[in-house]
2 protein chains.
Amino acid sequence: MSRASDRAYEAIRSMILSGELPAGSQLGEEALAEKCGVSRTPVREALRRLESDLLVTRTDTQRSFVADWSIDDVADAFELRAMLEGKAARRAAERMTDDALDRIRAANRQIDGALSKPGGDVAGFLEGNREFHTVILEVAGSRRLAALLGTLIEQPVVWRTAHHYGRDALRRSHGEHEELIAAFARRDGAWAEAIMVGHILRAYHAYADAHRGLTDTAMQLEAAE
Amino acid sequence: MSRASDRAYEAIRSMILSGELPAGSQLGEEALAEKCGVSRTPVREALRRLESDLLVTRTDTQRSFVADWSIDDVADAFELRAMLEGKAARRAAERMTDDALDRIRAANRQIDGALSKPGGDVAGFLEGNREFHTVILEVAGSRRLAALLGTLIEQPVVWRTAHHYGRDALRRSHGEHEELIAAFARRDGAWAEAIMVGHILRAYHAYADAHRGLTDTAMQLEAAE
DNA sequence: GGCAAAGCTATTGTATACAAATGTCATAGG
DNA sequence: CCTATGACATTTGTATACAATAGCTTTGCC
């Protein structure tokens, strides 16, 4: 992670996710290189990675821009993610070990702990959540499935979803995890898949509702001018 | 395609697919650069692309090797491909236009033509086959689905499958395409998905059978020494 | 005034040099 | 004989210079 190309990747990525670089902005290699304090070479590498993450698009003439995520794109991403994570959950249930089950339980305990804190520890929730899904993917034992999901899980929308969640929605998420654990403990692949698909799609609708709200607000603001 | 990095990508890729660079070979950037007649810079870029194609793996110390495809990896890839292409077929059926349907029919006519030639025009078959699946992916209208499948369809095993196919297997493939067309014409997503999944999985078993045959032969040769 | 072509600017692509990191081998010590 | 350590070779990472190309502006012609 201390390599210059990794730092450039993280820096550019966080600039996109934070909105500092809004959708549609052109990403000049030289400008980014200066911002990140590295030369163009690692920046180029970072841009290619971001492109394969679909956070960056390139025109036919090789110019890079921050990708524009329409609501349809988001729906598309969640739909695929539901399918792939559902598949991963099924495989994981069929191959579950006692050891991995313990790690999954520990991850969900961490989530519970984060939710019980006074302020509501969103970072702790996200970390536990990531561990939870990571272990499942590991147990599923498909390098390719992991690779495909890797391009879907860390996208801007997914990242922001937890911040749209209210506390009760996070609680419900924790409850669904408990159900998943029950399915894993019984090695019931079909059950695990069903719960996981529902889990992801509920997250999608939470995002879509919040997004609709934001859009409406923006429209009201425009109308008020 | 005339850019040096594209030439390097194609060159290295074909060296891997042809077996000139066997699985496990180390891929030194300098050596590849000389072979391809370009500098290390475009070779590095090509290697990253091949890595995301899973044709190349990198150790924790950043050294590149030709990826080793075990039979389990192959099964894994086909299983995922069946799921994703099945999904694509379902979406395509639900959104099918008359225009696209004509293109799909034309592609299958080309396949038919290739099969009717005396020698058995494998290249023509592959081209028609690619067009067939490409149009479906296009009509499915999911950039992300297309991106995910892109990393699965051009892999060594898939590429070689058609060469393992006998003439009758290719005929059967053509027949399944006809069934798919029928499902598309009726906009029946569930039917299209079912046929597509079967289509891909049959291709897998054709490959696996041929592979088993090859392995047995190799084992016999070893035993004969 | 509109359009086209030419030249200028901005941006990306490639090569090369050097720095950093990794792997290898030989040698010395236990 | 095995292991550890050091020097040396190999390989990858980064910076920079230069080349090629796309985009823009200006100017001249119709």
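Lettering follows sequence order; numbering is per chain, from 1. The basis for the numbers below is simple: all heavy atoms, side chains too, and nothing from hydrogens, waters or symmetry mates.
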- Task: I would like to know whether A:Arg48 and B:Arg48 meet side chain to side chain contact (heavy atoms under 4.5 Å, CB included); could you show each step before the answer?
- Result: CA-CA 9 Å; A:Arg48 301 298 152 86; B:Arg48 301 298 152 86; over 6 Å; no
Please give, in whole Å, the distance from [N] [atom2] to [X] [atom1]?
X       : N      : atom1 : atom2 : value
A:Asp6  : C:dA21 : CG    : P     : 13 Å
A:Glu45 : D:dG13 : CD    : P     : 7 Å
B:Arg58 : C:dG23 : CZ    : P     : 13 Å
A:Arg44 : C:dT12 : CZ    : P     : 8 Å
A:Arg48 : C:dG13 : CZ    : P     : 5 Å
A:Arg63 : D:dT21 : CZ    : P     : 13 Å
B:Leu27 : D:dT10 : CG    : P     : 18 Å
A:Asp60 : D:dT21 : CG    : P     : 15 Å

Please determine whether a side-chain nitrogen or oxygen atom of [X] lies at a distance below 4.0 Å from atom OP1 or OP2 of [N].
X       : N      : value
B:Ser5  : C:dG13 : no
B:Gln62 : D:dG13 : yes
A:Thr61 : D:dG23 : yes

Please determine whether a side-chain nitrogen of the Lys or Arg among [X] and [Y] lies less than 4.0 Å from a carboxylate oxygen of the Asp or Glu.
X        : Y       : result
A:Asp6   : A:Arg49 : yes
B:Arg143 : A:Asp73 : yes
A:Arg144 : B:Glu79 : no

Between the protein and nucleotides 16-19 of chain C, which nitrogen or oxygen pairs come in under 3.5 angstrom?
residue, atom, partner, partner atom, Å
C:dT16, O4, B:Thr41, OG1, 3.4

Look at atom [atom1] of [X] and say whether more than 12 heavy atoms of other residues, nucleotides or ligands are closer to it than 6.0 Å.
X        : atom1 : value
A:Glu30  : CD    : no
A:Glu34  : CD    : no
A:Gln62  : CD    : yes
B:Glu127 : CD    : no

- Can you sort out which residues in residues 29-37 of chain B have a heavy atom within less than 4.0 Å of DNA chain D? Ascending by number, please.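 Contacting residues: B:Glu29.
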- Query: How are the rings of B:Tyr204 and B:Phe78 set relative to one another: parallel (under 30°), tilted (30 to 60°) or perpendicular (over 60°)?
  - Reply: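 The arrangement is tilted - the two ring planes meet at 30° to 60°.
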- Residue A:Pro42, side-chain heavy atoms: nucleotide from C:dT14, D:dT14, C:dG23 that is nearest: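 Looking only at side-chain atoms, A:Pro42 lies closest to D:dT14.
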